[in-house]
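I have placed the structure first, in the form of structure tokens, so that the comments after it can refer back to it.
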Amino acid sequence: MEKIAFFDAKPYDKEWFDKINKDYEIRYFEGRLRPESAGLAEGCRAVCAFVNDVINAKTIDRLSELGVEVILMRCAGYNNIALNAAKGRLKILRVPAYSPYAVAEHAMGMILALNRKIPRAYIRTRDFNFSLVGLTGFDLHGKTAGIIGTGKIGRVFIDICKGFGMEVIAYDPHPAENAGIEYVNKDELFKRSDIISLHCPLTHDTRYIIDESAIALMKKSVLIVNTSRGQLIDSEALLSALNEKRIGGAALDVYEEESGLFFEDNSDKIVTDEIISLLVSRPNVIITSHQAFLTEEALRGIAEVTLQNFDDFLQGKPLANEVKPKE
Ligand code: NAI
């Protein structure tokens, strides 16, 4: 039976992979994949990894020495892989789409929670504090949503916004054809939007797409939601803007320094990351721990496609979900 070394395994991963898997021995490891832990993959033909595993050139060298042939990413993003180092040595397969609804619905959930101050209200009422002071939000109906990236998730999010009666504008260097979307340039999107939602991948071009200069163009009341990748936002610039009341608030499911913090219980530790400590303390910031994907449908889809990718690899079939470095 072929073996898969499964890194950064969480109970919800194990539940769904064990339900779907019939053909492989999966060795689950709680720790992340990194150069120091790659040796655990000895005897396995595949490793299965996630968004915060460290798949740099050293990790790839080590896996390759051990005879690992394929990295099965159980996610869509692959910005944490040194693709050039893997070229010609290890195949990289991913799950390009599982549930765009999971992420888009979470993005809207965060906007509603932030705008209508639902977490604050919940905490108050649990203490029998039924005051409404400080809980005023605004109607989404009639407001403008600016969407950056109109791929699978962005398009679902657009439909949700339209369902709320919002005007939608979007920026994407590869506009969707005949989708009835009003595309504008980035600056116009920053200027006109009441909420801004990021749905583009992290690339050289999109790193810090929300920076000081972008924020300078925005409305003072704007709500920014990021369910894509942390490095799309310059967190220091975001914090300054929050401190100086230059934006209305932020809802973050991802954070640029999330690796080592997110997905783990750090409640009994001293968190020394000053930026996230300050962001967490702001009343107009909501943070979730990269959980936008976390629905039953998405977990099932991730397990099915990841194992199908390995089937296809072993059977020498065309690899529709292969990730290759740009030529
Ligand atoms: P997709 O590939 O369907 O769409 C991405 C869109 O971004 C494309 O239309 C592309 O043209 C556009 N894009 C590329 N460069 C851009 C740029 N410079 N500026 C603006 N747009 C640009 O991807 P999908 O499935 O919609 O996912 C989007 C992102 O969501 C992923 O890259 C990933 O980072 C994130 N994600 C987050 C999850 C979470 O749990 N928080 C789960 C799944 C995905």
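Throughout, residue positions are numbered sequentially from 1 according to the sequence presented. Please read all numbers here as calculations on a predicted model, not as lab measurements. Read the numbers this way: they start at 1 and go in the same order the structure lists the ligands and their atoms.
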Could you give all pairs that pass the ring pair (Phe, Tyr, Trp, His ring centres under 6.0 Å) test and reach residues 90-123, with sequence neighbours left out?
-> none
Would you list the pairs meeting ring pair (Phe, Tyr, Trp, His ring centres under 6.0 Å) in which at least one residue belongs to residues 206-251, sequence neighbours left out?
-> none
Every pair of nitrogen or oxygen atoms between ligand 1 and the protein that is under 3.5 angstrom apart - can you list them with their distances to 0.1 Å?
{"residue": "ligand 1", "atom": "3 (O)", "partner": "Lys152", "partner atom": "N", "Å": "2.9"}
{"residue": "ligand 1", "atom": "3 (O)", "partner": "Lys152", "partner atom": "NZ", "Å": "2.8"}
{"residue": "ligand 1", "atom": "9 (O)", "partner": "Gly151", "partner atom": "N", "Å": "3.4"}
{"residue": "ligand 1", "atom": "9 (O)", "partner": "Asp172", "partner atom": "OD2", "Å": "2.6"}
{"residue": "ligand 1", "atom": "11 (O)", "partner": "Asp172", "partner atom": "OD1", "Å": "2.7"}
{"residue": "ligand 1", "atom": "11 (O)", "partner": "Asp172", "partner atom": "OD2", "Å": "3.3"}
{"residue": "ligand 1", "atom": "26 (O)", "partner": "Lys152", "partner atom": "N", "Å": "3.3"}
{"residue": "ligand 1", "atom": "26 (O)", "partner": "Ile153", "partner atom": "N", "Å": "2.8"}
{"residue": "ligand 1", "atom": "30 (O)", "partner": "Ser228", "partner atom": "OG", "Å": "3.4"}
{"residue": "ligand 1", "atom": "34 (O)", "partner": "Ser228", "partner atom": "O", "Å": "3.4"}
{"residue": "ligand 1", "atom": "34 (O)", "partner": "Arg229", "partner atom": "NH1", "Å": "3.3"}
{"residue": "ligand 1", "atom": "40 (O)", "partner": "Phe293", "partner atom": "N", "Å": "3.1"}
{"residue": "ligand 1", "atom": "41 (N)", "partner": "Thr227", "partner atom": "O", "Å": "2.9"}
{"residue": "ligand 1", "atom": "41 (N)", "partner": "Asp253", "partner atom": "OD2", "Å": "3.0"}

Parallel, tilted or perpendicular: rings of Phe6 and Phe17 (30°, 60°) = perpendicular
Show which residues join Phe128 in its hydrophobic cluster (side-chain heavy-atom contacts under 4.5 Å, direct or indirect), or state none.
-> Phe130
With the side chain counted from C-beta on, respond yes when Glu258 and Ser289 share a heavy-atom pair under 4.5 Å apart, and no when they do not.
-> no
Per ring pair (Phe, Tyr, Trp, His ring centres under 6.0 Å), Phe7 is matched among Tyr28, Phe263, Phe29, Phe50 by Phe29
